[in-house]
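Counting starts at 1 for both ligands and their atoms, in listed order.
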Amino acid sequence: MSDSAFAYHVSPYRYIARYKNGVWEDGFLSDDPSIVLNESACVLQYAQNVFEGLKARRTADGKIIVFRPDRNASRMTESCMRMAMPVYPEDLFLKAVDDVVKANADVIPPYGDGSSFYLRPFMIGTDPVLGVKPASEYEFRIFGSPVGRYFSSMIKLRICDLDRVAPHGTGHVKAGLNYAMSLYAITEAHALGYDENLYLDAATRTYIEETGGANIFFITKDNKLVTPDSGTILPSITRDSLLRVAADYLGLETEERPIALSEIADFTECGLCGTAAVISPVGSIDDHGTVLSFFRNAPEESSVTHMLREVLTEIQQGDRPAPKGWIREVCPD
Ligand code: PLP
Ligand code: COI
């Protein structure tokens, strides 16, 4: 599995809970990966959907651990509230993560081969609507898939002329509609040889926001970690962890602030961070033909980005002590 892509592989069990008449019914595990919906289900007509992404990994001593699932649970709460959906209780979310991990233990990749078990919690509005309004029935699910790397090597970004989210919109939550908005642009970017789009703030098109599926960070000449402060990007759990690793494990200065497109030529390193992306070094950003390169003066292996990735992935893998509350061990029944 180590070098295979980040792709869906059906796994034996998924968790399902249904919301009807204003209450969540008891959840259960199912071996059926299909969903049958009415043609006018709210998710199909008006994209009423939210989702999450987190990873379970095997440790060197054979345990299975999940990285900061409580943060995914609370971010899903925020997403549901923004999308007028009922909140799935966070304690039940965590229990559902445990259930899916335990039920699929046989397909969780072994320690040390670079792959992991990606969990995809999501919620959809299931009953038919025709006028524009939220559904009254919902389904919460978590499925899992063994995955490999999302990006293969030093990645190439381009500044995107399309916007993915709007001011006062849904950029700060994980709603499927934000990703639908990015599909045209990612197809075009791939066709032109870029790995991802880098979006600017839609209000002024002056500041760096994030890519279609990950937050961005930069390293300054004097080794400071700088990352955008914006109300229209997804609050990445990986980024939050990275800021903590930089400050507490590596003693680096960190800064969250608006980052103007005009200043990125001053940075020496650039990377993407996210559950799928982990920490992926960015080799270049193409701003309409002006190509800014990173890792210019030294190989990536001796960079700050490399050190950050090593420490964070050791924590995520259970090879290095983690800050309190970051690792949830899932014990088989
Ligand atoms: N930004 C976007 C748009 C994403 O889709 C993701 C992935 O979840 C992230 C950032 C990174 O967030 P996290 O680190 O919580 O996975
Ligand atoms: C994740 O990292 O969990 C995401 O949802 C990003 C997506 C591009 C797979």
Quiz item: Nearest protein heavy atom to atom 6 (C) of ligand 1, by residue and atom, and its distance?
Solution: Gly213 O, 3.3 Å

Practice problem: Considering only NZ, NE, NH1 and NH2 on the basic side and carboxylate oxygens on the acidic side, decide whether Lys63 and Asp61 come within less than 4.0 Å. | Solution: yes

Self-check item: Geometric N/O contact Arg164 with ligand 1, under 3.5 angstrom
Solution: no

Quiz item: Counting each atom of ligand 1 from 1 as listed, which ones have a heavy atom of Tyr179 under 4.0 Å away?
Solution: 2 (C), 3 (C), 4 (C), 5 (O)

Exercise. Pull out every atom of ligand 1 sitting under 4.0 Å from any heavy atom of Gly274, numbered as shown with elements.
Key: 11 (C), 14 (O), 16 (O)

Quiz item: Atoms of ligand 1 less than 4.0 Å from Gly212 heavy atoms?
Solution: 3 (C)

Quiz item: How about Phe122: does its CZ atom have over 12 heavy atoms from other parts shown lying under 6.0 Å from it?
Solution: yes

Self-check item: Set of residues that line ligand 2, where lining means a heavy atom lies under 4.0 Å from it
Solution: Phe6, Phe51, Gly53, Tyr118, Arg120, Tyr150, Lys174, Gly213, Thr275, Ala276

Exercise. Answer yes if the side chains of Glu209 and Ser230 hold a donor-acceptor pair under 3.5 Å, and no otherwise.
Key: yes

Exercise. Compute the minimum heavy-atom distance from Gly171 to ligand 1 and say whether it is under 4.0 Å.
Key: no

Quiz item: Between Lys133 and Tyr46, does any side-chain donor sit less than 3.5 Å from a side-chain acceptor?
Solution: no

Exercise. Count the heavy atoms belonging to other residues, nucleotides or ligands that lie under 6.0 Å from OH of Tyr13, then report whether that count exceeds 12.
Key: no

Quiz item: Going by atom types only, do Tyr111 and Asp319 share a side-chain donor-acceptor pair under 3.5 Å?
Solution: yes

Practice problem: Could you tell me whether the side chain of Glu210 and the main chain of Leu234 form a donor-acceptor pair under 3.5 Å? | Solution: yes

Quiz item: Should the proximity of Ser236 to ligand 1, defined as any heavy atom under 4.0 Å, be assigned to the side chain, the backbone, both, or neither?
Solution: both

Self-check item: Identity and separation of the nearest protein heavy atom to atom 2 (C) of ligand 1
Solution: Glu210 OE1, 3.4 Å

Quiz item: Could Lys95 and Asp99 be called an ion pair, given the rule that one side-chain N must be under 4.0 Å from one carboxylate O?
Solution: yes

Practice problem: Over 60° means perpendicular and under 30° means parallel, so classify the ring planes of Phe67 and Trp326, tilted if in between. | Solution: perpendicular

Quiz item: Hey, is ligand 1 close enough to Leu234 that some N/O pair sits below 3.5 Å?
Solution: no

Practice problem: For atom 16 (O) of ligand 1, find the nearest protein heavy atom and state the residue, atom name and distance (0.1 Å precision). | Solution: Thr275 OG1, 2.6 Å

Quiz item: Is any NZ, NE, NH1 or NH2 atom of the basic residue among Arg320 and Glu310 found under 4.0 Å from an Asp or Glu carboxylate oxygen of the other?
Solution: no

Quiz item: Do the ring centers of Tyr19 and Tyr88 come within less than 6.0 Å of each other?
Solution: no

Quiz item: For Arg239, is at least one N or O under 3.5 Å away from an N or O on ligand 1?
Solution: no

Quiz item: Any heavy atom of Arg75 sitting closer than 4.0 Å to ligand 1?
Solution: yes

Exercise. Before accepting this row, confirm whether a basic side-chain N of the pair Asp98/Arg328 lies closer than 4.0 Å to the acidic partner's carboxylate O.
Key: yes

Quiz item: If you measure from each heavy atom of Ala214 to ligand 1, is any distance below 4.0 Å?
Solution: yes

Quiz item: Judged by atom type as modelled, is there a donor-acceptor pair below 3.5 Å linking the side chain of Glu52 to the main-chain atoms of Ala73?
Solution: no

Practice problem: Of the side chain and backbone of Lys174, name the one, both, or neither that has a heavy atom under 4.0 Å from an atom of ligand 1. | Solution: side chain

